[in-house]
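Atoms within each ligand, like the ligands themselves, are counted from 1 in listed order. The chain is numbered in sequence order, starting from 1. Only heavy atoms go into these numbers, but all of them, side chains included; no hydrogens, no water, no symmetry mates.
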Amino acid sequence: MTVTNEVLKNIYERRSVRAYADKSVPEEIIQEIIKAGFHAPNGANTQGLRFAVVTNKAKLKAYAEKGRVMSLAAFRAMNEQRPSEVGERMVKQLSNPDNDIFHGAPAIVFIFTTPNCLTPVEDASLAAENMMLAARSLGLGSCWIGFAKSLAHDPEFVKDLSIPADHQLAASIILGYPKKEEMKPSVRDEPKVLGWLR
Ligand SMILES: Cc1cc2nc3c(=O)[nH]c(=O)nc-3n(C[C@H](O)[C@H](O)[C@H](O)COP(=O)(O)O)c2cc1C
């Protein structure tokens with residue numbers, strides 16, 4: 001099937017971007033992307049997600065380094081208990097002090113779930129994908145940063161962003177203008193459909 005539809009084109013052209021131009025993202029664009037995230041389906045329409053944004057360069061640098069160090073400790077502990085090839089790869093990657101886990105992005109949006117969410121993991125993941133697709137449609141790159149999750153345990157992060165104690169950090173999405181405007185979309189294998197009863 002040839003894709004002519006803009007929505008499908010956007011889905012297929014999105015990719016995780018890990019190199020950003022030194023150019024800030026206008027606040028109204030970040031607001032729009034958050035709005036797109038909040039418009040995602042959510043269990044029982046509780047609309048329980050909350051968002052926090054960091055565009056401050058010094059804070060981005062500090063949080064990226066904290067996230068790297070805390071994730072390294074977590075992966076080391078996990079790997080000791082249950083060694084795995086991917087775990088070892090993560091430890092190696094995170095051991096590099098030059099590894100900026102935010103990839104030099106000028107903005108990061110954190111998605112929090114609240115006790116009000118009926119289906120917190122699903123709600124946050126759907127919001128995250130809406131945001132990444134919205135970003136792509138606006139000429140921005142994005143990437144989900146799982147390594148940022150450990151920041152939830154950092155008292156400075158919690159205080160800086162006024163995060164209530166009952167909110168859980170569920171997803172962290174970096175945003176920015178890609179360094180190279182034309183980026184190859186990511187490649188996927190053919191999906192495997194297990195069954196199809198007709
Ligand atoms: C839950 C989750 C956590 C991720 N964490 C990271 C991360 O910490 N750093 C990173 O560079 N990419 C991260 N990614 C991006 C994946 O590596 C990426 O989606 C995958 O390699 C497929 O590539 P694509 O997004 O370009 O299609 C994460 C993706 C997901 C869904």
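The nearest protein atom to atom 28 (C) of ligand 1, hydrogens excluded, is given as Trp144 O, 3.3 Å; this is a heavy-atom distance. Summary of contacts: the protein heavy atom closest to atom 9 (N) of ligand 1 is Ile145 CD1, 3.8 Å. The protein non-hydrogen atom at the shortest distance from atom 21 (O) of ligand 1 is Arg18 NH2, 4.0 Å.
When all heavy atoms of Ala170 and Lys149 are compared, the pair lying nearest together is O-NZ, 4.3 Å.
Close contacts of ligand 1 with Ser186, meaning ligand atoms under 4.0 Å from a residue heavy atom, involve 24 (P), 26 (O), 27 (O). Interface atoms of ligand 1 facing His103, defined by a heavy-atom separation under 4.0 Å, are 10 (C), 11 (O). For ligand 1, the atoms sitting less than 4.0 Å from at least one non-hydrogen atom of Arg15 are 26 (O), numbered in the order shown with element in parentheses. Each of the following atoms of ligand 1 lies closer than 4.0 Å to a heavy atom of Arg188: 22 (C), 27 (O).
Side-chain atoms of Asn79 come within 3.5 Å of backbone atoms of Ser84 as a donor-acceptor pair (strictly under, hydrogens ignored). Under a 3.5 Å cut-off, the side chain of Asn42 and the backbone N or O of Thr119 do not form any donor-acceptor pair.
A cation-pi contact, defined as under 6.0 Å to the ring centre and within 45° of the axis, links Lys23 to Tyr177.
The proximity of Ser16 to ligand 1, defined as any non-hydrogen pair under 4.0 Å, involves the side chain as well as the backbone.
Ionic pairing of Glu65 and Arg68 is present here: one or more N-O contacts between side-chain nitrogen and carboxylate oxygen are shorter than 4.0 angstrom.
The closest non-hydrogen atom to atom 5 (N) of ligand 1, taken over Gly141, Ser142, Gly146, Cys143, comes from Gly146.
Note that atom 1 (C) of ligand 1 has protein non-hydrogen atoms nearby, at separations under 4.0 angstrom.
In this structure, Phe112 and His167 have tilted ring planes: the angle between them lies in the 30° to 60° band.
Counting only heavy atoms from C-beta outward, the side chains of Phe110 and Leu151 approach each other to under 4.5 Å.
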